[in-house]
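Written below as structure tokens is the structure these notes are about.
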Amino acid sequence: MVWRETWHGRTFLEWPVRVVEDTGERVAVYLATGTRFAFPPGSWPFDGEHPWAARGAWQGHGLLVTHCFRDAFAIWHFWDGPKRAFAGWYVNLQAPFRRDEMAFETQDYELDLWITPDGVWRWKDEDALLDWVRRGRFTESEVAAIRAEGERVLAAWPFPTGWEAWEPDPSWCAPVLASEGM
């Protein structure tokens with residue numbers, strides 16, 4: 001499947017993911033180390049290039065993302081070190097996934113939460129979110145709703161998720177987009 005990031009119907013970032021679980025209500029996808037990102041030409045609707053453009057591909061351990069289709073967030077699971085120790089959860093505040101046979105589509109809301117395995121949490125990218133209001137990507141009322149969604153996640157406290165010890169099949173390599181010869 002392809003994960004697409006959009007803004008007002010315009011795709012500005014794509015990457016291929018492997019579906020690990022799909023219950024119809026919840027999906028878990030895996031982003032393998034070395035998976036290349038695609039940035040359609042002229043697609044970033046703001047000044048300059050997308051912030052991930054210089055990366056080119058996912059670095060570090062692979063990433064497992066869980067998302068319930070009705071939720072305005074996804075939980076990214078991170079591992080670290082040579083023994084692949086669980087490092088924490090990243091709550092990516094985003095539009096609920098829309099899907100078709102080939103893709104999941106969402107819009108990143110910029111504000112995120114980082115939660116360590118021992119439960120310590122912090123907001124991430126608060127300043128960047130406020131800058132997006134100034135630049136016209138979000139309104140102040142949208143920012144309030146985004147923050148409220150993060151507060152709902154914290155109040156519900158869905159951690160641990162049950163995926164912390166999950167490991168990808170060692171035979172899985174980084175998939176490529178169809179435009180790259182998938």
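The first residue in the sequence is number 1, and the count goes up from there.
No hydrogens or angles considered: a donor-acceptor pair under 3.5 Å links the side chains of Thr161 and His77. A donor-acceptor pair shorter than 3.5 Å cannot be found between the side chains of Glu105 and Trp3.
Between Asp71 atom CG and Glu149 atom CD the span is 6.5 Å, to the nearest 0.5 Å. In this structure, OG1 on Thr23 lies 6.0 Å from CD on Glu21, to the nearest 0.5 angstrom. Atom CG of Leu13 and atom OG1 of Thr11 lie 9.0 Å apart (nearest 0.5 Å). Taking CG from Leu113 and CG from Leu93, the interatomic distance works out to 5.5 Å, rounded to the nearest 0.5 Å. Within the model, atoms CZ of Arg147 and CG of Leu111 stand 5.5 Å from one another, a figure rounded to the nearest 0.5 Å. Note that SG of Cys68 is 6.5 Å distant from CZ of Phe73, once rounded to the nearest 0.5 Å.
Contact annotation: the side chain of Val27 approaches that of Val19 to within less than 4.5 Å [non-hydrogen atoms, C-beta and beyond]. Put simply, the side chain of His61 does not reach to within 4.5 Å of the side chain of Phe78, judged on heavy atoms. Under the 4.5 Å side-chain criterion, counting only non-hydrogen atoms from C-beta, Asp108 is in contact with Asn92. Put simply, the side chain of Asp131 does not reach to within 4.5 Å of the side chain of Val133, judged on heavy atoms. With a 4.5 Å cut-off on side-chain heavy atoms, Phe138 and Leu129 count as touching. With a 4.5 Å cut-off on side-chain heavy atoms, Val20 and Val29 do not count as touching. Using a 4.5 Å heavy-atom cutoff, the side chains of Val17 and Val2 are not in contact. Within the 4.5 Å cutoff, the side chain of Ile115 has heavy atoms near those of the Val91 side chain.
Note: the hydrophobic cluster containing Leu130 does not contain Trp132 (ILVMFWY, side chain heavy atoms under 4.5 Å, direct or indirect links). One hydrophobic cluster holds both Trp157 and Ile75 under the rule that ILVMFWY side chains link at heavy-atom gaps under 4.5 Å.
Salt-bridge check for Glu110 with Arg137: passed, with a basic side-chain N closer than 4.0 Å to an acidic carboxylate O.
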* Candidate pair Arg70 and Glu25, rule side chain to side chain contact (heavy atoms under 4.5 Å, CB included), full reasoning -> CA-CA 8 Å; Arg70 68 185 177 285; Glu25 181 161 323; 2.7 Å; yes

* To do: Tell me, with the steps shown, if Arg99 and Asp22 meet salt bridge (Lys or Arg N to Asp or Glu O under 4.0 Å).
  => CA-CA 12 Å; Arg99 72 185 296 174; Asp22 188 349; 2.5 Å; yes

* Can Phe12 and Phe39 be said to form a side chain to side chain contact (heavy atoms under 4.5 Å, CB included), step by step? -> CA-CA 6 Å; Phe12 58 82; Phe39 305 92; over 6 Å; no

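Taking the six-membered ring for Trp and thresholds of 30 and 60 degrees, Phe86 and Trp79 have ring planes more than 60 degrees apart, a perpendicular arrangement. Between Phe104 and Phe69, the two ring planes are tilted [angle within 30° to 60°]. Using a 30° and 60° split on the angle between ring planes, Trp114 and Tyr90 fall in the tilted class, from 30° to 60°.
Asp125 places no side-chain N or O within donor-acceptor distance of the main-chain N or O of Ala128, the cut-off being under 3.5 Å. Judged purely by atom type and a 3.5 angstrom limit, Glu164 uses its side chain to pair as donor or acceptor with the backbone of Gly162. Not a single donor-acceptor pair under 3.5 Å links the side chain of His67 to the backbone N or O of Ala28. With Thr139 contributing its side chain and Glu142 its backbone, the two residues share a donor-acceptor pair below 3.5 Å.
Taking a 6.0 Å sphere around CG of Asp127, one finds it holds 12 or fewer heavy atoms contributed by other residues, nucleotides or ligands.
The shortest non-hydrogen separation linking Arg84 to Pro168 is NH2-CD, 3.4 Å. Val153 and Pro158 get closest at one heavy-atom pair: O-CD, 3.4 Å. Between Pro175 and Thr35, the closest heavy-atom pair is CD-OG1, 3.8 Å. The two residues Ala87 and Pro117 come nearest to each other via the heavy atoms O-CD, 3.2 Å. Among all heavy-atom pairs drawn from Ala95 and Arg98, the shortest one is CB-NH1, 4.2 Å. Contact between Gln107 and Glu5 at its shortest, heavy atoms only, is C-OE1, 3.8 Å.
Between Trp163 and Trp76, the gap from one ring centroid to the other reaches at least 6.0 Å.
Because its NZ or CZ atom is not both nearer than 6.0 Å to the ring centre of Trp58 and within 45° of the ring axis, Arg36 does not count as a cation-pi partner of that residue. A cation-pi arrangement is absent between Arg10 and Trp7 under the rule of less than 6.0 angstrom and at most 45 degrees off the ring axis.
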